[in-house]
Amino acid sequence: MGKIKKRLIFLVGPTGIGKSAAAICLAKKINGEIISCDSMQVYRKMDIITSKALASERKIVKHHMLDILDPGKQYDVASYRKEALAVCDRIISKGKIPLFVGGSGLYYSILIDGLFERVGEDRLIRSKLNKEADKRGSSYLYKKLKTIDKQAAGKIHPNDTRRIIRALEVYLKTGKKISELQMERAGLGKEYEFKIFGLDMPRNALYEKVNNRVERMFDLGIIGEVRSLLRSKLSKTARSAIGINELKGFFKGNYSLEDTKELIKRNSRNYAKRQLTWFRKDQRIKWIKINPGDSSFQIAKKIWKKLS
RNA sequence: GCCGAGAUAGCUCAGUGGUAGAGCGCGGCCCUGAAAAGGCCGGCGUGGGGGGUCCGAUUCCCUCUCUCGGCA
């Protein structure tokens with residue numbers, strides 16, 4: 001028979017549902033270490049705004065892929081995958097179980113299913129294409145894409161400028177179609193065996209939790225955190241965290257504190273909804289229905305029961 | 001109390017004598033190097049109550065109620 005595969009556990013779900021706390025309980029129970037699967041928690045100095053695990057919590061269970069770079073630096077899925085997998089194997093070699101926890105859908109699926117490597121972002125090409133899009137409109141670029149890679153164009157909407165540009169970028173750099181390269185992806189299936197759990201609760205209750213969490217961020221001092229973040233230049237990835245732009249507008253005096261809070265709440269709710277859309281289609285996920293009042297201990301127990 | 005403005009989708013508001021839209025919200029979806037990003041689809045409605053004119057009223061007229069300004 002086949003060789004023994006390395007075991008992994010994933011815990012995904014929308015923002016604010018309680019993944020992190022439940023993960024700590026679970027990790028303790030199974031002698032695991034947590035690997036964050038979050039595109040924003042990788043940044044230092046973005047603690048409150050990303051609801052990062054506290055130092056005290058990190059003492060209970062070791063967390064990885066947090067605070068690995070400064071907010072001025074750009075980050076992307078490819079680096080995430082590479083670094084996260086390295087950490088993952090290190091944990092396994094210690095005889096512990098890696099527990100991936102997070103809500104960044106793309107990071108999650110690229111991690112599991114792989115990506116075509118070798119063609120990273122090319123800032124020069126991108127800025128050229130962006131200028132072209134501004135000047136002639138994205139439909140111009142779309143037509144161009146259609147002539148070189150019909151299949152990719154078929155998958156991308158004419159208004160989705162970013163994806164049109166990426167497809168063109170790949171072609172300009174390699175002379176190959178992105179639609180062909182995209183077929184080269186190797187997932188974790190061969191080497192690893194994984195169980196994936198998703199947390200879900202009734203929408204209304206989830207939104208209430210999200211709203212409350214935003215309120216808590218303000219209590220904890222998100223305003224000060226973002227104010228000091230804005231003192232230096234943020235990378236385009238770091239500055240896309242929910243809360244940054246909204247607070248920037250507040251500092252400029254564009255709207256009141258109350259309106260700022262509402263804005264951040266709304267954007268967080270919309271994000272949670274998009275996350276659910278992303279995870280819902282993944283048939284491998286075993287969904288754990290939780291109630292708004294469930295403690296992280298109870299949630300961990302529900303997962304634990306499905307583990308064996 | 002008087003004068004004026006208004007009452008249309010969950011919210012803010014357009015518009016029209018032939019039963020109504022937009023933005024946001026809300027719901028659904030897409031996603032392979034920015035992903036907490038970006039993009040797509042969906043109107044979810046007793047048009048404040050009552051009466052009148054008209055073939056036909058959300059639109060015109062009267063009246064009532066309420067809201068907001070101004071004057072007392």
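Order of the sequence lines sets the chain letters (A, B, ...), proteins ahead of strands, with each chain counted from 1. All figures in this text were calculated on a predicted structure; none of them were measured in a lab.
- In terms of the ring pair (Phe, Tyr, Trp, His ring centres under 6.0 Å) criterion, A:Y75 has no residue partners (sequence neighbours excluded).
- A salt bridge is absent between A:D149 and A:K144: the closest approach of a Lys/Arg side-chain nitrogen to an acidic carboxylate oxygen does not fall below 4.0 angstrom.
- Side chain of A:S138 to backbone of A:P158: a donor-acceptor contact under 3.5 angstrom is found.
- The distance from atom CD of A:E169 to atom C1' of B:A34 is 11 Å, rounded to the nearest whole Å.
- For the contact set between residues 235-252 of chain A and RNA chain B, defined by any heavy atom under 4.0 Å, the members are A:K236, A:T237, A:S240, A:A241, A:I242.
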Base-pairing string, 5' to 3', of RNA chain B - Watson-Crick or wobble, under 3.5 Å, | interstrand
(((((((..((((....[..))))((((((.......))))).)...(((((..]....)))))))))))).
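- A distance of about 12 Å separates the P atoms of B:C41 and B:A22, rounded to the whole Å.
- Near RNA chain B, defined here as any heavy-atom distance below 4.0 Å, the residues from residues 123-147 of chain A are A:R126, listed numerically.
- Remark: the backbone N or O of A:D70 is not paired with any side-chain donor or acceptor of A:K45 at under 3.5 angstrom.
- Screening residues 160-170 of chain A for salt bridge (charged side-chain N to carboxylate O under 4.0 Å, His left out), with sequence neighbours left out, gives A:R126-A:E169, A:D160-A:R163, A:R166-A:E169.
- With distances taken from any side-chain atom of A:R162 to the nucleotides B:A37, B:G33, B:C40, the minimum falls on B:A37.
- Residue contacts for A:I156: at a heavy-atom cut-off of 4.0 Å it reaches no nucleic acid atom on any strand shown.
- Residue pairs meeting the salt bridge (charged side-chain N to carboxylate O under 4.0 Å, His left out) criterion with at least one member in residues 298-308 of chain A, sequence neighbours excluded: A:D294-A:K302.
- Annotation: B:C60 and B:A5 have their P atoms spaced 13 Å apart (nearest Å).
- Residues passing the ring pair (Phe, Tyr, Trp, His ring centres under 6.0 Å) test with A:Y107, sequence neighbours excluded: A:Y80.
- Residues satisfying the ring pair (Phe, Tyr, Trp, His ring centres under 6.0 Å) criterion with A:F100, sequence neighbours excluded, are A:F10.
- Spacing of C1' atoms, B:U67 relative to B:G49, comes out at 15 Å, to the nearest Å.
- A:L168 shares a hydrophobic cluster with A:I125, A:L129, A:Y140, A:L141, A:Y142, A:L145, A:I148, A:I156, A:I164, A:I165, A:Y171, A:L172; the chain of contacts runs through ILVMFWY side chains whose heavy atoms sit under 4.5 Å apart.
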Would you list the protein and nucleotides 28-32 of chain B atom pairs, both N or O, that sit under 3.5 Å from each other?
{"unit_1": "B:G28", "atom_1": "OP1", "unit_2": "A:R203", "atom_2": "NH2", "d": "3.4"}
{"unit_1": "B:G28", "atom_1": "OP2", "unit_2": "A:R203", "atom_2": "NH1", "d": "3.0"}
{"unit_1": "B:G28", "atom_1": "OP2", "unit_2": "A:R203", "atom_2": "NH2", "d": "3.3"}
{"unit_1": "B:G28", "atom_1": "OP2", "unit_2": "A:K273", "atom_2": "NZ", "d": "3.4"}
{"unit_1": "B:G28", "atom_1": "N7", "unit_2": "A:K273", "atom_2": "NZ", "d": "2.6"}
{"unit_1": "B:C29", "atom_1": "OP2", "unit_2": "A:R280", "atom_2": "NE", "d": "3.4"}
{"unit_1": "B:C29", "atom_1": "OP2", "unit_2": "A:R280", "atom_2": "NH2", "d": "2.3"}
{"unit_1": "B:C31", "atom_1": "OP2", "unit_2": "A:K281", "atom_2": "NZ", "d": "2.8"}
{"unit_1": "B:C31", "atom_1": "O3'", "unit_2": "A:R163", "atom_2": "NE", "d": "3.3"}
{"unit_1": "B:C31", "atom_1": "O2", "unit_2": "A:R163", "atom_2": "NH2", "d": "3.2"}
{"unit_1": "B:U32", "atom_1": "OP1", "unit_2": "A:R163", "atom_2": "NE", "d": "3.0"}
{"unit_1": "B:U32", "atom_1": "O2", "unit_2": "A:F116", "atom_2": "N", "d": "3.3"}
{"unit_1": "B:U32", "atom_1": "N3", "unit_2": "A:Q182", "atom_2": "O", "d": "2.8"}
{"unit_1": "B:U32", "atom_1": "N3", "unit_2": "A:R185", "atom_2": "NE", "d": "3.4"}
{"unit_1": "B:U32", "atom_1": "O4", "unit_2": "A:Q182", "atom_2": "O", "d": "2.5"}

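- A salt bridge (charged side-chain N to carboxylate O under 4.0 Å, His left out) check over residues 170-185 of chain A, counting only residues at least two apart or in different chains, returns the pairs A:R118-A:E184.
- Residue A:N159 places at least one side-chain N or O under 4.0 Å from the OP1 or OP2 atom of B:C40.
- Using a distance-only test at 3.5 Å, with no hydrogens or angles considered, a donor-acceptor pair links the side chain of A:N212 to the main chain of A:E208.
- With sequence neighbours left out, A:E57 forms a salt bridge (charged side-chain N to carboxylate O under 4.0 Å, His left out) with no residue at all.
- Rounded to a whole angstrom, the distance from the P atom of B:G21 to that of B:A9 is 14 Å.
- Counting non-hydrogen atoms under 4.0 angstrom, A:Y75 reaches the backbone sugars and phosphates but no base.
- Between B:U8 and B:A14, the distance separating the two C1' atoms is 10 Å to the nearest Å.
- Here, B:A20 and B:C24 have their P atoms 23 Å apart, quoted to the whole Å.
- Rounded to whole Å, the separation between the C1' atoms of B:G43 and B:G4 comes to 34 Å.
- Counting non-hydrogen atoms under 4.0 angstrom, A:V170 reaches nothing in the nucleic acid.
- For the OP1/OP2 pair of B:C26 and a distance below 4.0 Å, the side-chain nitrogens and oxygens of A:N270 include at least one atom meeting the criterion.
- Side-chain atoms of A:Y207 and A:S268 include no donor-acceptor pair closer than 3.5 Å.
- Along RNA chain B, the nucleotide closest to A:G103 and the one closest to A:H157 are compared, and the more 5′ of them pairs with A:G103.
- Among the protein residues, A:T50 comes within range of the nucleic acid bases, having at least one heavy atom under 4.0 Å from a base atom.
- A donor-acceptor contact closer than 3.5 angstrom links the side chains of A:R123 and A:Q74.
- Of the possible polar contacts, none joining the A:N291 side chain to the A:M201 backbone as a donor-acceptor pair under 3.5 Å is found.
- Rounded to the nearest Å, the gap between the C1' atom of B:C54 and that of B:C61 is 12 Å.
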